[in-house]
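No hydrogens, no waters, no symmetry mates; every other heavy atom, side chains included, goes into these values. We count ligands from 1, going down the list as the structure has it; atoms in each ligand are counted the same way.
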Amino acid sequence: MSRKNHIEIDDGIVKRIGRRADEERLRAFVVGGYVRDLLLGRRVKDIDIVVVGDGIALGKKVATEVGRSNVVVYEKFGTAMLQLDDVKIEFVGARRESYTKSSRKPTVQKGTLEDDLSRRDFTINAIAASINKDDFGAIVDPLGGRKDLEEKILRTPLEPRATFDDDPLRILRAFRFAAQLHFAVDPSALQAAREMADRLKIVSQERISDEFLKIIASPKPSVGLMLMQETGVMKVVFPEIAQLAGVDQRRDYHHKDVFLHTLKVVDNISEVTDNVWLRIAALLHDIAKPRTKAFKEGMGWTFHGHEEIGARMVKPIFRRLKLPLDHVKYVEKLVRLHLRPMALVDEGVTDSAVRRLLFEAGEEIDDLMTLCRADITSKNQKLVDQVRRNYDTVVAKMAEVEEKDRWRAWQPPVRGDEIMKVCGLQPGPLVGKLKDAITDAILDGRIPNEHGAALEYLLSIKDEILRGDESKL
Ligand code: ATP
Ligand code: MG
């Protein structure tokens, strides 16, 4: 990294904002993530501008100049946000902040650039660079952010307790940046995080979940998750995950406690997918192990039913964390089915068992197999090889069975409306029962996957089912 006192900025819009600031006789700077990522050579997305003076007014003028009217003003925070296509530009007037104990709503006063930099979360986010013409690109770094960038360390501008006390979300942000950038957290900040973890309770769930999802989306999520666990932050924001620690697995099978195993599965899956919800499914796959744990003589520890109970925990967790509910069904399905591919090996990898899994997993079958593969974490290489061979057997059999009938998108050849017509039924649970009976017969291979055979089968069973006599099926 260069130790020059200037940075290269070639964004047209930044120059334009600088010109505008010149005209208004205001000192303006780029700051925050923009400067940090430029110095790190990372891809820069959003632009953070700090103005000594009225940031909102400058934001509005720039918007008018570029012909936009979509400035969003947050009077209370003294900020204005302008969305230019996919770039977000945030304008803020340099300020000093003070907070009260019970809330994170700050009282804002005008301040100098230095005041503004020291109320930020980390020194690496508190480097400014001028965008006025006379010293365009000149770096202002009173807190030593550049040195910390080089040393890859997250340090707070003020004493860590003061920085965290003003806004406890910063504790979680430290772990998020540690995971994203692979930086260490300064030991005194870590200690303050331990002491103040409980203070995260006053922070809104939306802000917490935003940062948490960024940890999950980072290249190696275990870095952030481990910091959360070690400092007690996990217990406050995600107790179900915290409780996975110390739940022993069977000695002859898994070698790690469920928490460490889960972290490994999340890291494994993150190497092959950027899908955050698949990563979340990995995080939650064993979530019910603590509550299903039992010792069976001759078997060791068992976790009977943890996949089904775990699946039922997904929705309440999503609700509490205010995560988007449209991903609940997907995550539920993956948690519910995560043992099935490997269980096939014990049951015998028969056509009918594979058909059934393809049908139940549907379009999620590939993601399920990705999860299943990531779930292999033993240190015993012989065992790993064995499990991988089993996995490959299942995958090969799936490809073969899938090719014939496309089971993942399959529907039984006799549909609901035909069932109603043939049996003289109104919509209701009986229709579903008849459809399930046909589905089972085809998946089991008792009748061929054809309309004629399915209809014939329907006619042969309908009277018994309609009479409520299902015992002979
Ligand atoms: P990202 O790459 O995720 O956008 P960022 O550093 O730009 O990272 P933002 O949340 O966009 O993070 O915030 C922009 C800047 O505003 C930060 O770099 C930091 O200087 C400051 N900032 C944001 N949130 C806080 C906070 N909670 N406390 C103090 N400063 C903050
Ligand atoms: Mg940003």
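Side chains of Asp375 and His285: a donor-acceptor N/O pair is present below 3.5 angstrom, by distance only. No side-chain donor-acceptor contact under 3.5 Å links His304 and Thr292. Side-chain contact of Asp267 with Ser270: a donor-acceptor pair under 3.5 Å is absent, judged by distance alone. Looking only at atom types and distance, the side chain of Asn125 has no donor-acceptor partner in the side chain of Arg120 under 3.5 Å away.
Ligand 1 lies within reach of Arg119, whose nearest heavy atom is under 4.0 Å from it. Not a single heavy atom of Leu169 sits less than 4.0 Å from an atom of ligand 1.
Between Gln180 and ligand 1, no N or O atom pair is found at a separation short of 3.5 Å. Between Arg42 and ligand 1, no N or O atom pair is found at a separation short of 3.5 Å. Residue contacts with ligand 1: Arg170 is placed with a nitrogen or oxygen under 3.5 Å of a nitrogen or oxygen of the ligand (distance criterion only).
Residue Phe164 does not touch ligand 1, judged by heavy-atom distances below 4.0 Å. Within the 4.0 Å heavy-atom criterion, the part of Asp48 lying near ligand 1 is the side chain and not the backbone. Heavy atoms of Glu90 found under 4.0 angstrom from ligand 1: none, in either backbone or side chain. Contacts of Asn125 with ligand 1, taken as heavy-atom pairs under 4.0 Å, involve both backbone and side chain. Residue contacts with ligand 1, taken as heavy atom pairs separated by less than 4.0 Å, involve Arg176 solely via side-chain atoms from C-beta onward.
Residue Arg120 approaches ligand 1 through these ligand atoms, each under 4.0 Å from one of its heavy atoms: 15 (C), 16 (O), 19 (C), 20 (O), 21 (C), 29 (C), 30 (N). If you number the atoms of ligand 1 from 1 as listed, the ones under 4.0 Å from a heavy atom of Lys45 come out as 2 (O). Each of the following atoms of ligand 1 lies closer than 4.0 Å to a heavy atom of Lys214: 3 (O). Taking every heavy atom of Arg207 and a limit of under 4.0 angstrom, the matching atoms of ligand 1 come to 27 (N). Annotation for ligand 1: atoms under 4.0 Å from non-hydrogen atoms of Gly33 are 5 (P), 6 (O), 7 (O), 18 (O). Which parts of ligand 1 touch Gly32 is read off a 4.0 Å heavy-atom cut-off, strictly below it: atoms 18 (O), 20 (O).
Side-chain contact between Leu244 and Pro290 is present, with heavy atoms from C-beta onward closer than 4.5 Å.
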ask   = Between Ile171 and Thr231, does a side-chain contact (heavy atoms from CB on, under 4.5 Å) hold up when you go through it step by step?
value = CA-CA 10 Å; Ile171 298 171; Thr231 50; 5.5 Å; no
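The aromatic rings of His306 and Phe303 lie perpendicular to each other, with more than 60° between the two planes, well past the 30° mark. Ring geometry for Trp277 versus His327: interplanar angle under 30°, hence parallel rather than tilted (30 to 60°).
The existence of a salt bridge linking Arg320 and Glu240 is confirmed by a sub-4.0 Å separation between a basic side-chain nitrogen and an acidic carboxylate oxygen.
In terms of modelled atom types and a separation under 3.5 Å, the side chain of Arg27 and the main chain of Asn132 share no donor-acceptor contact.
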